[in-house]
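Remarks on the structure that follows.
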There are 2 protein chains.
Amino acid sequence: MTLILTFLGKGGTGRTTVAIAAAKQLAEQGQRVLLLTQDAGPAFGLLLGAEVGSAPQPVSENLQAVQLHSTTLLEQNWERLKQFEAKYLRDPFFKAVYGQELSLLPGLDDALALNAIREFDGSGEYDVIVHDGSGDQATLRLWGTPEGIDWYFRRFKAVLQSSQFYRSISPFIQPVTGAILSSGNATDLWDQPATQEVNTLVNRGKALVTDPMRLRAYVVTTADESAIATGRYLWSAAQQIGLTVAGALLNQADSAGAAESAFSPLPVNALPTKSDRWQPLMAALPPLTAPVDVPAPMTVDVAAQTVKLFFPAFDKKQVKLTQYGPEVTVEAGDQRRNLTLPPELKGRSVTGAKFQLGYLIITFG
Amino acid sequence: MTLILTFLGKGGTGRTTVAIAAAKQLAEQGQRVLLLTQDAGPAFGLLLGAEVGSAPQPVSENLQAVQLHSTTLLEQNWERLKQFEAKYLRDPFFKAVYGQELSLLPGLDDALALNAIREFDGSGEYDVIVHDGSGDQATLRLWGTPEGIDWYFRRFKAVLQSSQFYRSISPFIQPVTGAILSSGNATDLWDQPATQEVNTLVNRGKALVTDPMRLRAYVVTTADESAIATGRYLWSAAQQIGLTVAGALLNQADSAGAAESAFSPLPVNALPTKSDRWQPLMAALPPLTAPVDVPAPMTVDVAAQTVKLFFPAFDKKQVKLTQYGPEVTVEAGDQRRNLTLPPELKGRSVTGAKFQLGYLIITFG
């Protein structure tokens, strides 16, 4: 089982430096570590003091590093998509498009990165993957992707299948899907093996994101006021995607004092400013792979008919709760979550909500 | 006509601070300025010293500020998409989905931000929009979106229309599109008014990005080695989307000396460290709206049958040139560009390419 570490925090707080120190520390402890950056620029290699390429390569004992290049990933994945298409479609039509000519649009790079991490995670070659991403909302969107895709898939399937549009074209569906798909007697795209394959991937991704022994975040901050405010914001926003923040790291500081109350009840560790040597910084890190003892993002109490959501740094005004049709939706930290409820609470009406000691407590009737 | 300013640079170099100073300076000069941030966190408001909301609000004379909230934008745009759908489709099917429940996936936030900027740009209410984005590859992907969409549209249209798939379903297209679209005698989705409307938007976006009197970038750096290297990288990568970098700003420095050779031939201005007062920082900024005199990202010489691309900070190994089918593709800075060639060079073969004084010079036969 691989544990993925990711770092959140304002730009310039030293996230990448801390990620490198974490990777070095874990490798020294005998863990097989992959240090992975999404930044294609030169800063990562300069900080690490090693050349890094688009495939993992050894840096020191137990430590490999890789710099994701979206253009390279796009080519590789396009070839795979074409194979996937050829497997399921009678006459694949993307064969005429070359991976080397595909333009990169916003979001594509994150989708490609997530897929690359998934593959490294599943390879069995690493005990720990240290992820150096943008550390902001974009990183939260990245880790929120599996739940987001799952929601779109479920919701739009239901909407489309009950629409007049679907009924209008249903007489044509059998001949059209028959002409498209390799299987001649196809009925519905939703039930095809290709769709099932994607579904399995999405469910695995959802399970990974909410398990702190598979994925956890640390907030990196300095004593600077806006860095602490940004760190607290991201800590709270992480709860919206079910991502556990295991601790705060106060960088360039002698003691944790300046951040302890801001991040209570998280453990806070002070990290010294990086000097010529990595050792002091590595030695100051907390145990990064140990079990965590922090509040869970979401707790369900079926008997009491309540759901508790942890929002440590938001107040009542920053959280919006709505119920539309089948969905109970929480909006906070510029992120939206449609709650996945246990069967006992599904379809029930929200009868109350209150903010108490950093928790949004929702009661169902 | 509105001019958009955007800032590129490594995290922690003070991009947001410089953006605020730029907005204040231009407002003081009498320009109607909108300062727009894509960061939904609290740091922007703390730095600006004012509360900022998801709609523009006055900060001081001539200066308004807005903080884009993707969740709010998603709701608004979903309502508009539903109106758009209702206008063109006989039976719109998204009416059953509420904007308030839509999850945010990677890329959606950038697409929404781009659309919001487009609307502010078109409103006629601002002379200058100062854009505070992530300042990295993600910002370049954002501004590269119109060209990217245009390419996907053109290329996939050609591929689909010549595919066996398209021929298989073409007998069904008339009745299906007739059932879907408001117009009963529809023939092809590619020729629908909805498609034309999107096309027009994309072409306007393309024209904006490559005109330095409509959009320009400044690189923000400190004297730190990796900040300069990142700034140079982003400067070069910006050329790939046709975005003009008008100058470099060396932040927290007394003189421009430390960055002048790295960014030659760009003008470099030294900016003092921000103190309690904004005035010294504002006064040190270059004229941000003046015509620029820097190398163009792409120059075509039809008589000599050459195309010159400006890549100031890359070497030969970092740039890849390929020709597949109808496309001449250049890959550099983890960005890919399919060259838009004049009719005289279109469809011609690349016969040579060389690197000379920061330019990739491509010769056609």
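In what follows, every chain begins at residue 1, and chains take the letters A, B, ... in the order their sequences are listed.
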(Q) Applying ring pair (Phe, Tyr, Trp, His ring centres under 6.0 Å), can you list everything that pairs with Y233(B), at least two apart in sequence or on another chain? (A) F314(B)
Q. With a 4.5 angstrom heavy-atom cut-off, which part of Y324(B) approaches chain A: side chain, backbone, both or neither?
A. both
Q) If you round to the nearest 0.5 Å, how far is CD of E225(B) from CG of L47(A)? A) 9.0 Å
(Q) As an exercise, state the distance from CG of L68(B) to CG of D334(A), rounded to the nearest 0.5 Å. (A) 9.0 Å
Q | Non-hydrogen atoms of A229(B) and P42(A) that approach each other most closely | A | O-CG, 3.4 Å
Q. Any idea which of Q137(B), E75(B), E147(B) has the most non-hydrogen atom pairs under 4.5 angstrom with chain A?
A. E75(B)
Q. For R154(A), which residues count as a salt bridge (Lys or Arg N to Asp or Glu O under 4.0 Å) partner, sequence neighbours excluded?
A. D150(A), E327(A)
Q) So among R336(B), Q335(B), R141(B), which one has a side-chain contact (heavy atoms from CB on, under 4.5 Å) with S70(A)? A) R141(B)
**Q.** Those residues that, when tested against W78(B), pass ring pair (Phe, Tyr, Trp, His ring centres under 6.0 Å) (two or more places apart)
**A.** F94(B)
**Q.** chain B contact residues among residues 101-113 of chain A, heavy-atom distance under 4.5 Å
**A.** E101(A), L102(A), S103(A), L104(A), L105(A), P106(A), G107(A), L108(A), D109(A), D110(A)
(Q) Let me confirm one number: the CG-CD distance from L74(A) to E331(B), rounded to the nearest 0.5 Å. (A) 9.0 Å
Q.
Report which part of K95(A) has an atom under 4.5 Å of a heavy atom belonging to chain B: side chain, backbone, both, or neither.
A. neither
(Q) Please rank D224(A), T145(A), T16(A) by heavy-atom pairs under 4.5 Å with chain B and give me the top one. (A) T145(A)
Q: Carefully, step by step, assess T329(A) and Q100(B) under the rule side chain to side chain donor-acceptor pair (under 3.5 Å).
A: CA-CA 7 Å; T329(A) 305; Q100(B) 291 88 337; over 6 Å; no
